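Just so you know, these numbers use all the heavy atoms, side chains as well, and skip hydrogens, waters and symmetry mates. Convention: sequence-line order gives letters A, B, ...; per-chain numbering from 1. Source: prediction; values computed, not measured.
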Protein chains: 2
Amino acid sequence: MKRISLSDIALECKVSKTLVSMVLNGRGDAYGISKETQERVYQMAEKYNYKPNQIARGLRLGRSNTIGLVVSDIANPFYAKIARGVEDYASKAGYNLIICSTDENVEKEMALLRMLKERQVDGLLISTTFSSSREILSLMKDNVPFVLIDRYFPHTDTNYVVIDNYKGGYEATEHLIKLGYTRIAHMTLTPSHITSLKERKRGYVDALKKYNIRINKKFLCQIPYGDIKRHVYKEVRELLSSPNNVQAIFLANNNITLAFLECVSELKLRIPHEIAAVSFDDIELFRVYYPQITAVAQPIDEICRESVRVLLDEIKNRENPVREKARIKLDPNLIVRESCGHFYRKS
Amino acid sequence: MKRISLSDIALECKVSKTLVSMVLNGRGDAYGISKETQERVYQMAEKYNYKPNQIARGLRLGRSNTIGLVVSDIANPFYAKIARGVEDYASKAGYNLIICSTDENVEKEMALLRMLKERQVDGLLISTTFSSSREILSLMKDNVPFVLIDRYFPHTDTNYVVIDNYKGGYEATEHLIKLGYTRIAHMTLTPSHITSLKERKRGYVDALKKYNIRINKKFLCQIPYGDIKRHVYKEVRELLSSPNNVQAIFLANNNITLAFLECVSELKLRIPHEIAAVSFDDIELFRVYYPQITAVAQPIDEICRESVRVLLDEIKNRENPVREKARIKLDPNLIVRESCGHFYRKS
DNA sequence: AATGCAAGCTTAATCGATTTAACATCATGA
DNA sequence: TCATGATGTTAAATCGATTAAGCTTGCATT
């Protein structure tokens with residue numbers, strides 16, 4: 001019942017632990033262990049179904065071959081996909097993933113980061129909910145390699161792999177404008193310090209400015225995380241009520257759009273006739289929905305590939321801390337479908 | 001830069017490691033350490049921002065406080081939700097989660113299980129892709145506590161927390177029958193040994209039998225995992241072609257339904273008029289879609305709560321292996337929405 | 001015969017925590 | 001005065017692996 005350890009194999013083979021370790025790590029030849037002995041060791045390991053204790057190994061080697069992934073909610077399809085991509089790229093390099101959800105809660109994130117450090121993760125991929133880089137900087141003091149993904153601090157010198165959210169917001173809004181809409185709302189989340197959402201909003205505002213459309217404060221809706229559905233309902237009703245009369249809406253992420261569509265369905269609104277919509281994030285639903293939802297897609301695979309690459313690179317070169325940080329900003333991709341139609345001006 | 005260890009604190013305080021360990025584990029009083037010494041230790045730990053190395057701790061204590069979650073694909077919304085629930089319940093008990101995706105690939109699952117054992121996970125939650133309990137039984141030999149979730153082997157004595165898939169399949173089909181449909185198809189996945197899917201199919205078949213509806217082999221579609229979309233297209237076209245003329249369909253999981261809806265949208269089919277549909281699994285999309293999709297919902301939170309409870313229980317009582325295994329079968333829940341309408345017999 | 005050297009293997013330290021058993025020191029009671 | 005006990009603390013073993021340094025052989029060389 002007891003698990004088999006190196007010593008057990010050594011004992012059984014009547015050789016030292018050292019030798020067993022060398023052989024099983026494939027360095028038997030390099031250390032000049034005779035073929036016969038090696039064979040004997042392999043046989044015993046096989047026979048007793050020996051599996052090295054990676055915890056002991058990790059302790060000795062000072063690494064865990066584990067990386068931590070911190071996101072707001074792993075059940076959010078965007079992060080679920082990120083998790084999957086990161087899992088694949090990380091496992092190719094022999095790393096495992098500990099996944100943590102923060103629920104956009106700063107204290108929870110701090111506790112999780114602390115715990116991940118205690119677990120000696122070799123590195124971290126973080127979609128942080130922090131509003132300032134202060135807490136993140138403490139990671140640097142602790143000398144834990146990390147890469148910010150999805151959200152970042154432009155003026156802080158850290159690795160990051162993000163997308164150009166400003167551009168995404170701008171293009172989404174511009175798309176609506178070019179179709180003839182002028183009364184365009186934007187619905188986003190609070191806490192409003194989340195950098196990605198801030199950038200999307202800035203893109204929205206700038207696009208309107210660029211086309212000389214007056215910014216209407218009433219068209220800017222902030223939905224609190226945690227009670228999305230109810231607030232979206234309220235806001236949609238107001239946006240469509242007579243003095244406002246919104247024609248189109250730019251939705252800041254898949255969560256909001258989900259709530260929006262649910263609302264649309266219950267209010268029996270027709271998209272795009274009664275309200276046109278563009279969403280950030282591209283989830284399956286948007287291809288399946290009728291009408292199909294125009295969306296700003298994030299290059300998820302690329303985000304995963306790059307962030308893992310940068311992180312592993314950082315881990316390898318941990319000793320050399322004066323390197324350039326990787327600052328990677330990927331382009332989002334506006335996928336035009338049917339949810340914006342074409343606005344025919346009421347004459 | 002170097003991380004602070006127990007010895008560092010001990011050295012700094014001019015006391016032994018033992019004492020520091022005792023104090024920081026909150027057992028200072030129990031061991032009769034003087035208040036002043038305790039205070040000194042706490043201060044130093046604080047000052048140097050000491051964080052215990054959980055890997056070393058794990059090695060000594062023979063546990064990792066980690067559990068492994070093995071599913072087919074963490075990007076699948078059903079499993080993403082499972083992961084989230086499990087994360088929450090596990091973290092309450094101080095456990096972390098290593099998540100692995102098998103892609104329904106037996107070899108991959110074997111490799112992952114091996115790796116998780118090497119990492120000394122304290123327990124496993126597995127939605128297995130194995131077709132027989134043989135591989136699973138080897139886990140028992142290794143004395144690793146585990147709970148099968150979502151899929152199980154009825155005749156093998158393991159812990160499991162599953163739902164009554166037969167009942168779900170039966171009720172979904174019966175629902176269609178009672179609405180007047182008789183030409184009812186079922187679309188499910190291969191590999192066909194996945195127990196949950198087999199049970200759903202059995203429920204479908206039995207419901208038809210019960211209501212004396214002849215089972216038509218052509219109405220039973222097996223879609224290969226890995227190329228779902230293309231095959232669903234082909235099958236849908238055939239089902240609706242003249243000699244078949246299917247009126248309703250029972251879709252075996254959210255993956256298939258997603259592909260089905262995409263197909264419906266492109267073929268411009270109307271639900272339920274041209275084809276009625278019930279799906280297994282209940283994802284956001286189904287509430288948002290127009291028409292809203294009738295679905296068999298799984299009690300995800302309960303699955304997570306129970307499986308974590310059983311697993312932690314098993315871990316606690318690892319020494320006593322002759323206990324009764326937990327065999328938990330939860331009820332699914334048919335949520336009637338709009339996608340089945342009411343069949344008016346062509347006269 | 002003494003030396004050098006390679007081949008093959010082992011000893012012991014180490015990673016950072018926990019824990020058992022023991023050790024001082026001092027006060028108390030017989 | 002000496003045993004007893006409480007109080008406060010520590011030495012050393014342990015978990016299971018890795019690795020630097022060292023130790024036997026036996027053989028060839030001088």
Side-chain angles (χ1 to χ4, degrees), chain A residues 2-41 44-45 48-66 94 115 117-122 142, chain B residues 2-41 44-45 48-66 94 115 117-122 142:
Chain A
K2 182 183 145 293
R3 297 216 179 129
I4 301 297
S5 76
L6 250 201
S7 329
D8 297 326
I9 303 293
L11 225 60
E12 205 70 18
C13 292
K14 297 188 204 303
V15 295
S16 69
K17 291 193 296 174
T18 307
L19 190 150
V20 178
S21 169
M22 293 188 304
V23 171
L24 294 183
N25 282 309
R27 273 176 282 146
D29 288 340
Y31 281 105
I33 310 297
S34 71
K35 290 285 174 229
E36 302 86 63
T37 313
Q38 291 201 37
E39 191 51 32
R40 211 147 36 91
V41 169
M44 281 298 168
Y48 288 102
N49 192 19
Y50 168 72
K51 293 190 200 64
N53 181 329
Q54 297 294 353
I55 291 221
R57 199 155 189 275
L59 175 60
R60 176 64 226 249
L61 298 180
R63 55 183 157 82
S64 58
N65 280 297
T66 301
M115 173 241 107
K117 282 186 245 169
E118 291 190 352
R119 302 241 156 173
Q120 314 296 119
V121 293
D122 296 332
D142 285 339
Chain B
K2 184 183 143 293
R3 298 218 179 127
I4 302 297
S5 78
L6 250 202
S7 332
D8 298 326
I9 302 293
L11 226 60
E12 205 70 18
C13 290
K14 297 188 205 304
V15 295
S16 69
K17 291 193 295 175
T18 309
L19 190 149
V20 177
S21 170
M22 293 189 303
V23 171
L24 293 183
N25 282 309
R27 272 176 282 145
D29 287 341
Y31 280 105
I33 312 296
S34 71
K35 291 284 174 231
E36 302 88 62
T37 313
Q38 291 202 37
E39 191 51 31
R40 211 146 36 90
V41 170
M44 280 299 168
Y48 287 101
N49 192 20
Y50 168 72
K51 293 189 198 65
N53 181 331
Q54 297 295 351
I55 291 222
R57 198 154 188 275
L59 176 60
R60 175 65 227 247
L61 298 179
R63 56 181 156 83
S64 58
N65 279 298
T66 301
M115 173 241 105
K117 283 186 245 169
E118 291 192 354
R119 303 241 155 172
Q120 314 297 120
V121 294
D122 296 332
D142 285 339

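- Counting all heavy atoms, side chain and backbone alike, A:Thr37 lies closest to A:Ser34 at OG1-OG, 2.6 Å.
- The base of D:dT14 is paired with the side chain of B:Arg60 by a donor and an acceptor separated by under 3.5 Å.
- Atom-to-atom, OH of A:Tyr50 to C1' of D:dG16 comes out at 7 Å; the value is rounded to the nearest Å.
- For B:Val121, the side chain to side chain contact (heavy atoms under 4.5 Å, CB included) partners at least two apart in sequence or on another chain are B:Thr66, B:Leu116, B:Leu124.
- Of all non-hydrogen atoms in A:Ile9 and A:Tyr50, the two that sit nearest each other are CD1-CB, 4.0 Å.
- Relative to the side chain of B:Thr18, the nucleotides D:dA17, D:dT10, D:dT19 differ in distance, and D:dT10 lies closest.
- Nearest nucleotide to the A:Ser34 side chain, out of C:dA12, C:dT18, C:dC9: C:dC9.
- If you check C:dA17, C:dG8, D:dA12 against the side chain of B:Ser5, the one that comes closest is C:dA17.
- Distances shown here put a side-chain N or O of A:Thr37 below 4.0 Å from the OP1 or OP2 atom of C:dC9.
- Place B:Leu59 and B:Lys14 on DNA chain D by their nearest nucleotides, and B:Lys14 ends up nearer the 5' end.
- In this structure, B:Arg119 places its CZ atom 18 Å from P of D:dG16, rounding to the nearest Å.
- Summarising the geometry, the separation between CG on A:Asn25 and P on D:dA17 is reported as 10 Å, rounded to the nearest angstrom.
- Considering only the side chain of B:Arg27, C:dT19 comes nearest among D:dT10, D:dG16, C:dT19.
- A side-chain donor-acceptor contact under 3.5 Å links B:Arg119 to the backbone of A:Ser64.
- Atom CG of B:Leu6 and atom P of C:dT19 are 12 Å apart (whole Å).
- Considering only side-chain atoms of B:Ile33, the nucleotide from D:dT9, D:dA17, D:dG16 that sits closest is D:dT9.
- Each of B:Ala56 and A:Arg40 was matched to the nucleotide of DNA chain C holding its nearest heavy atom; the match closer to the 5' end belongs to A:Arg40.
- Map B:Leu61 and A:Gly32 each onto its nearest nucleotide of DNA chain C; the residue landing nearer the 5' end is A:Gly32.
- Atom CG in A:Leu19 sits about 11 Å away from atom P in C:dT11, given to the nearest Å.
- Residues A:Arg3 and B:Asp142 are not paired through a salt bridge, judged by the lack of any N-O separation under 4.0 Å between the basic side chain and the carboxylate.
- The CZ-P distance, from B:Arg3 to C:dT14, rounds to 21 Å in whole Å.
- Both A:Arg57 and B:Lys17 lie near DNA chain D, and the one whose nearest nucleotide falls closer to the 5' end is B:Lys17.
- The side chain of A:Asn53 lies closest to D:dA17 when the candidates are C:dT10, D:dA17, D:dA12.
- Note: NZ (B:Lys35) to P (D:dT9) measures 12 Å, nearest angstrom.
- The phosphate of D:dA20 has neither OP1 nor OP2 within less than 4.0 Å of any side-chain N or O from A:Tyr31.
- Counting to the nearest Å, the P atom of D:dA11 and the CE atom of B:Met22 are 12 Å from each other.
- Summarising the geometry of A:Leu24 relative to A:Ala45, their closest heavy-atom pair is CD2-CB, 4.0 Å, with the distance given to 0.1 Å.
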